[in-house]
A.B. asks: 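For reference, the structure I am asking about is given below.
As a basis for the values below, the full set of heavy atoms in this structure was taken, side chains included, without hydrogen atoms, waters or symmetry mates. A, B, ... follow the sequence lines: proteins, then strands. Residue 1 opens every chain.
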Amino acid sequence: ENREKLHVEQKLAIESIRKFLDSKTSYDVLPVSYRLIVLDTSLMVKKSLNVLLQNNIVSAPLWDSKTSKFAGLLTSSDFINVIQYYFSNPDKFELVDKLQLSGLKDIEKAIGAEPLDMASIHPSKPLFEACLKMLNSKSRRIPLIDKDEETHREIVVSVLTQYRILKFVALNCRETHFLKRPIGELNIISEQNVKKCRMTTPVIDVIQLLTQGGVSSIPIVDEEGVLINIYEAIDVLGLIKGGIYNDLSLSVGEALMRRSDDFEGVYTCTRNDKLSTIMDNIRKSRIHRFFVVDENGRLVGVMTLSDILKYILLGE
Amino acid sequence: STLSILPTSLPQIHRANMLAQGFPAASKISPLVNKKSKTRWHFGIRSHSYPLDVMGEIYIALKNLGAEWAKPSEEDLWTIRVRWRYDVLENSNAFNSEDGKKIPDLMKMVIQLFQIETNNYLVDFKFDGWESNYGDMTKRSNISEDEMSTFSAYPFLHLTAKLIMELAVNS
Amino acid sequence: LATSSIKHNTLCVASIVRYRQKYVTQILYAPL
């Protein structure tokens, strides 16, 4: 009877959260005052890396001043493409070192990488629609684009991320407290074919796993399958910053030594945890995924923000 | 709740474990120092040069960049009213947006020299609306500042960046 | 217009713009 009650409460809560997402626009998620860092496409890639790290951001919209248009987003995938291109063409150091942001498309083509589907949306559209677009485009962020009403030129108003949307829900929807069913019952954990590696795996192989799997992190386990750490796509920025991409034979454990001390650590949970506590943690801390482990700390699977958002939008 | 943070993933513990296990490169690799050097912002650009020299440099830079300016009035030598063609390769007929409306392409800007204190000057740049290249004022004239709610700052930021670069390179 | 000192040959200019009822500090990084 209690289980039945939990099911009904969870279902009603999800429906209510959907209504909330449909009643709000992406514009509503924006703070009253915020800054948006934009990079001119004629900037060099290594300079843009300094800008991202200096401002503690991992992505930025690109502005092509030749066409006076928005030219997509710079993300960690671009830096991974550069590393892979360099790994396949070690003689092209000069080209890589002088590469401009406008040249990233050529690098993408040269290694045959799938271009990131850059969906965008108008800030006045319902938030529910922005979430669906993000899920369909497999991108974890979506630029909000409007037009200058006098010159009709594009304005990049902001870039919404899954994290920002889930935090907005956690902050504004009391119904998240009623999401009390164990996540192990919600079909929300990716358990099959989770790509993993060992601490001794060469970092270049781990980077290949990131791109092959289209994922943004690779769990690192020991010989018993116990989770020890993870390698994230954004760790590549530190690799390039240190110029270590010359030495890609490094093990992933050694490459992780680059991580800055303000890294908050890897969040783990078990199948018995509930979305109510998960959302409460998202409200309080900047979390991008949860690794699900068993009682011995062995890796069971991963639950990403995409999985949580997809469940809220389409689950039940 | 069994939510927790994996202790072995904390950087300090990870580094200790790596060194203990004797990974060769471990001792050579230092953590990224994410110096969040707070960007120090200034209004406009500062100058300690002689005021007339500053004005001269600005006129030369504007000329090099193909901008136009109104003849300064005798009583106000320290303000330059600029008009600048923002010619982008936006589309073949550069003056029509997708919805067929004329896109004004002449940006107006006011550049003004202020004295902060003795021998310390500030060059301020202000956006001053658009003009279409066929002379008539765009509809902005009947949109008050308050109603104007979607304004793209990029063309202004782009042209002022070009002017500042020209001044930096020339000086 | 706000500017920050030129570092690493990179210029940074910014302008605070109202977007409807919110305020965006648009910051553009461009190469010198």
Side-chain angles (χ1 to χ4, degrees), chain A residues 38 40 53-56 63 65-70 146-157 199-200 220 227-230 237-238 241-242 244 247 250-251 253-270 272-274 277-278 280-281 290-291 293 295 297, chain B residues 1-15 17-19 21 23-37 39 86 88-91 96-99 101-105 107 129-130 138-140 143 147-155 157-159 161-162:
Chain A
V38 176
D40 187 305
L53 292 172
Q54 195 185 341
N55 289 284
N56 201 22
W63 181 258
S65 45
K66 291 183 187 57
T67 60
S68 187
K69 274 186 180 285
F70 166 59
D146 194 347
K147 282 216 185 290
D148 179 307
E149 60 198 4
E150 188 173 2
T151 64
H152 313 293
R153 287 196 172 99
E154 281 185 333
I155 310 173
V156 182
V157 175
M199 206 53 98
T200 52
I220 302 171
L227 182 66
I228 313 176
N229 209 323
I230 67 169
L237 275 66
K241 174 72 183 159
I244 300 184
D247 177 5
L250 277 182
S251 71
E254 289 162 325
L256 280 178
M257 304 278 284
R258 286 295 288 163
R259 228 173 221 164
S260 72
D261 282 338
D262 52 15
F263 176 73
E264 291 181 17
V266 174
Y267 278 79
T268 62
C269 67
T270 66
N272 298 320
D273 276 302
K274 300 156 179 73
T277 36
I278 295 277
D280 198 42
N281 277 268
F290 293 86
F291 283 89
V293 295
E295 57 285 351
Chain B
S1 153
T2 49
L3 249 75
S4 67
I5 291 181
L6 190 63
T8 50
S9 69
L10 294 170
Q12 299 81 354
I13 296 178
H14 172 72
R15 258 199 292 283
N17 289 343
M18 292 297 292
L19 290 169
Q21 290 163 40
F23 275 77
S27 51
K28 282 180 270 172
I29 298 174
S30 56
L32 200 61
V33 178
N34 261 356
K35 59 180 182 352
K36 314 261 186 309
S37 52
T39 309
Y86 188 67
V88 287
L89 337 167
E90 191 146 11
N91 45 30
N96 295 307
S97 64
E98 290 82 17
D99 42 7
K101 290 194 185 119
K102 298 279 182 204
I103 292 185
D105 68 325
M107 178 191 292
W130 288 92
T138 54
K139 64 179 171 45
R140 174 188 169 95
I143 289 192
E147 287 159 344
M148 192 66 180
S149 67
T150 58
F151 165 74
S152 175
Y154 298 109
L157 294 177
H158 174 57
L159 288 185
K162 273 174 78 167

A.B. asks: Test of understanding: with side chain to side chain donor-acceptor pair (under 3.5 Å), list the residues that count as partners of A/T277, not counting sequence neighbours.
C.D. replies: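 Side chain to side chain donor-acceptor pair (under 3.5 Å) list for A/T277, sorted by chain: empty.
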A.B. asks: Hey, mind stepping through A/D40 and B/H158 against side chain to side chain contact (heavy atoms under 4.5 Å, CB included) and telling me if it holds?
C.D. replies: CA-CA 9 Å; A/D40 187 305; B/H158 174 57; 4.3 Å; yes
A.B. asks: Please round to the nearest 0.5 Å and tell me the distance separating atom CD1 of B/I29 and atom CD of A/E254.
C.D. replies: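 Spacing of CD1 (B/I29) from CD (A/E254) equals 5.5 Å.
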A.B. asks: How long is the straight-line distance from CZ of A/F263 back to CD1 of B/I5, given to the nearest 0.5 Å?
C.D. replies: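 Between B/I5 CD1 and A/F263 CZ, I get 9.0 Å after rounding to 0.5 Å.
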A.B. asks: Thinking salt bridges, do A/R153 and B/D105 make one under a 4.0 Å N-O criterion?
C.D. replies: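 Salt bridge: no.
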A.B. asks: What part of A/D261 is in contact with chain B, defined as an atom under 4.5 angstrom from a non-hydrogen atom: side chain, backbone, both or neither?
C.D. replies: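 Both parts, backbone and side chain.
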A.B. asks: Sort out for me which of B/A161, B/S4, B/S1 touches chain A most, counting heavy-atom pairs under 4.5 Å.
C.D. replies: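 Among B/A161, B/S4, B/S1, the one with the most close pairs to chain A is B/S4.
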A.B. asks: How many angstroms lie between atom CD of A/E150 and atom CH2 of B/W130, to the nearest 0.5 angstrom?
C.D. replies: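 One finds 8.0 Å between CD of A/E150 and CH2 of B/W130.
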A.B. asks: If you take all heavy atoms of A/R259 and B/P11, which pair is closest and at what distance?
C.D. replies: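 Smallest interatomic distance, heavy atoms only, reads O-CB, 4.5 Å.
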A.B. asks: Let me confirm one number: the OH-OG distance from B/Y154 to A/S68, rounded to the nearest 0.5 Å.
C.D. replies: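 One gets 10.5 Å once the value is rounded to the nearest 0.5 Å.
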A.B. asks: Looking at every heavy atom in both B/T150 and A/I155, which two are closest together, and how far apart are they?
C.D. replies: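 Heavy-atom minimum between the residues: C-CD1, 3.6 Å.
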A.B. asks: So what's closer than 4.5 Å to chain B heavy atoms on A/I230: side chain, backbone, both or neither?
C.D. replies: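 Neither part.
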A.B. asks: Would a 4.5 Å heavy-atom cut-off, applied to side chains only, mark A/V266 and B/L10 as touching?
C.D. replies: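 The answer is no, as the side chains (C-beta and beyond) never meet within the 4.5 Å cut-off.
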A.B. asks: Do B/F23 and A/T200 pass the side chain to side chain contact (heavy atoms under 4.5 Å, CB included) test, and can you show the C-alpha distance, the side-chain angles, and the key distance before you say yes or no?
C.D. replies: CA-CA 9 Å; B/F23 275 77; A/T200 52; 3.9 Å; yes
A.B. asks: Is there a donor-acceptor contact under 3.5 Å linking the side chains of A/D273 and B/T2?
C.D. replies: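 Yes, because at least one side-chain N or O of A/D273 sits under 3.5 Å from a partner of the opposite role on B/T2.
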A.B. asks: Evaluate the criterion side chain to side chain contact (heavy atoms under 4.5 Å, CB included) for residue pair B/S30 and A/R258; output intermediate values, then yes/no.
C.D. replies: CA-CA 6 Å; B/S30 56; A/R258 286 295 288 163; 3.9 Å; yes
A.B. asks: Check each atom of A/V156 against the heavy atoms of chain B and say whether the ones under 4.5 Å are side chain, backbone, both or neither.
C.D. replies: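 A/V156 touches chain B through backbone and side-chain heavy atoms alike.
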A.B. asks: Heavy-atom distance under 4.5 Å to chain B: side chain of A/F291, backbone, both or neither?
C.D. replies: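 Contact with chain B is absent: no heavy atom of A/F291 under 4.5 Å.
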A.B. asks: Counting heavy-atom pairs closer than 4.5 Å to chain B, which one of A/D146, A/I228, A/V38, A/L237 comes out on top?
C.D. replies: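 That would be A/I228.
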A.B. asks: Please find the pair of heavy atoms, one from A/L256 and one from B/H14, that lie closest to each other, and give the distance.
C.D. replies: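 Nearest pair, atom of A/L256 first, then B/H14: CB-NE2, 3.4 Å.
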A.B. asks: Taking side-chain contact (heavy atoms from CB on, under 4.5 Å) as the test, write out the residues that go with B/N17, two or more places apart.
C.D. replies: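 side-chain contact (heavy atoms from CB on, under 4.5 Å) list for B/N17, sorted by chain: B/T8, B/I13, B/Q21.
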A.B. asks: Would you find a donor on one side and an acceptor on the other, under 3.5 Å apart, between the side chain of A/D148 and the backbone of B/F151?
C.D. replies: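 The answer is no, because no donor-acceptor pair under 3.5 Å joins these two groups.
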A.B. asks: So which atom in B/P31 and which in A/S260 form the shortest heavy-atom distance, rounded to 0.1 Å?
C.D. replies: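 Here B/P31 and A/S260 meet closest at CB-CA, 4.4 Å.
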A.B. asks: Starting at CE of B/M18, measure out to OG of A/S251 and round the result to the nearest 0.5 Å.
C.D. replies: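 Rounded to the nearest 0.5 Å, the CE-OG separation comes to 4.5 Å.
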A.B. asks: Check whether any side-chain heavy atom of B/K28 lies under 4.5 Å from a side-chain heavy atom of A/L250, and answer yes or no.
C.D. replies: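 The answer is no; the side chains never approach within 4.5 Å.
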A.B. asks: Hey, what do you get for CG (A/N281) to CG (B/L3), rounding to the nearest 0.5 Å?
C.D. replies: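 Rounded to the nearest 0.5 Å, the CG-CG separation comes out at 4.5 Å.
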